[in-house]
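Since the structure comes first, as structure tokens, the remarks are kept for the end.
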Protein chains: 2
Amino acid sequence: MNAFLDITKALSDETRVRALLSLRGGELCLCQVIEFLGLAPSTVSKHMDLLHRAGLVERRKEGRWQYFRLAGKESSREARGALRWALEALRGERSLKDDERVLSGVRKKGLEEVSACYRAS
Amino acid sequence: MNAFLDITKALSDETRVRALLSLRGGELCLCQVIEFLGLAPSTVSKHMDLLHRAGLVERRKEGRWQYFRLAGKESSREARGALRWALEALRGERSLKDDERVLSGVRKKGLEEVSACYRAS
DNA sequence: GATATACTTCGTTAGTTGACGAAGCAACGG
DNA sequence: CCGTTGCTTCGTCAACTAACGAAGTATATC
């Protein structure tokens, strides 16, 4: 029940769902998610931590960068089931079209450029 | 996205999840859910309304009684998918064993007896 | 080492939520 | 009608949460 509630709570905030879906195209560095969402680093860090603790997202540290990707085979059965459902339920969601556009921009930039942008704000 | 968030928010509260699962054995009157949860009628009414608005539950009014049952074919594709996932994820959940016991007691009682009990509290 | 960079932790603040009880509404029973 | 009963609505309160910025930590780079 607790694992289930951790998952549903993680999925019950729009910002977190957008962050989760931003990983559909593959792994992203935290600074890329920050740029994508346009929120304060501390806020995004906390969101990603929540997604991770729910098991929906895996993290990988490489130097100073924290990379996140969607949960895979290493994650719990419950988290993978939730992820499968969420991705299916939100497939083609119209209200997320803008996000996809912004995201492809973020993905094209190098990490340095993204970081510079986040530094400037 | 809004429909999705309505569903995840509905599922992100333990009490609501317990109420939802209490309908697995078939339709229940609100007063039975009240007795099952042991909460104030106004509180339970609001919880069931939220579940209904998320599409996870259908309601039926018969005289003074409000009956609730799990979403069926009349509900949205999204709600049915969510329900399928939630039921599967929580199948056999150990922490809900007590609930099942209490629930079978509530189901055995007639509606009048349940109401009397709820009146007394 | 010193500086910068990527991220996290902490404290604050505004808005949300779950609980309750009181009062209201609707349907049945006298 | 009039009271009772099942449920809903409303106002209140305590607890939680998302957002921020400031300060802290860890990892490169000079």
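Each chain gets a letter, A, B and so on, in the order its sequence line appears, and its residues count up from 1.
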Can a donor-acceptor pair be found, under 3.5 Å and without considering hydrogens, that links the side chain of A:Arg107 to the backbone of A:Gly26?
yes

Backbone N/O of B:Leu21 and side chain of B:Arg24: donor-acceptor pair under 3.5 Å
yes

Would you tabulate the nitrogen or oxygen pairs shorter than 3.5 Å linking the protein to nucleotides 28-30 of chain D?
none

When you check the phosphate oxygens OP1 and OP2 of C:dA19, does a side-chain N or O of B:His47 lie under 4.0 Å from one of them?
yes

Salt bridge (charged side-chain N to carboxylate O under 4.0 Å, His left out) between B:Glu58 and B:Arg60: does it pass, once the steps are laid out?
CA-CA 7 Å; B:Glu58 289 166 22; B:Arg60 172 175 77 85; over 6 Å; no

Given 3.5 Å as the limit, does a donor-acceptor pair link the side chain of A:Thr8 with the main chain of B:Leu11, or not?
yes

Contact summary for A:Glu93 and A:Ser95, nearest pair of heavy atoms:
OE2-OG, 3.0 Å

Can you name the residues that form a side-chain contact (heavy atoms from CB on, under 4.5 Å) with A:Arg53, not counting sequence neighbours?
A:Asp49

Does B:Phe68 or A:Lys9 map to a spot on DNA chain D nearer the 5' end, using the closest nucleotide for each?
B:Phe68

Separation of C:dA6 C1' from A:Glu35 CD (nearest whole Å)
15 Å

Tell me which residues in residues 10-17 of chain B put a heavy atom below 4.0 Å from DNA chain C, sorted by number, or none.
B:Asp13, B:Thr15, B:Arg16

Interatomic spacing from NE2 in B:His52 to CD in B:Gln66 - rounded to 0.5 Å:
8.5 Å

Contacts table for residues 37-47 of chain B: side-chain donor-acceptor under 3.5 angstrom, sequence neighbours left out:
{"from": "B:His47", "atom 1": "ND1", "to": "B:Arg16", "atom 2": "NH1", "distance (Å)": "3.2"}

Residue B:Cys29, side-chain heavy atoms: nucleotide from C:dT8, C:dA6, D:dG6 that is nearest:
D:dG6

Walk along nucleotides 9-14 of chain D from 5' to 3' and tag each nucleotide B, S or - by protein heavy-atom contact under 4.0 Å, base first, then sugar-phosphate.
B-----

Just grab all the salt bridge (charged side-chain N to carboxylate O under 4.0 Å, His left out) pairs involving residues 72-88 of chain B, residues at least two apart or on different chains.
B:Glu88-B:Arg91

side-chain contact (heavy atoms from CB on, under 4.5 Å) with B:Leu23: which of B:Leu56, B:Leu103, B:Val57?
B:Val57

At under 4.0 Å between heavy atoms, what does A:Lys61 touch on the DNA or RNA strands: base, sugar-phosphate, or nothing?
sugar-phosphate

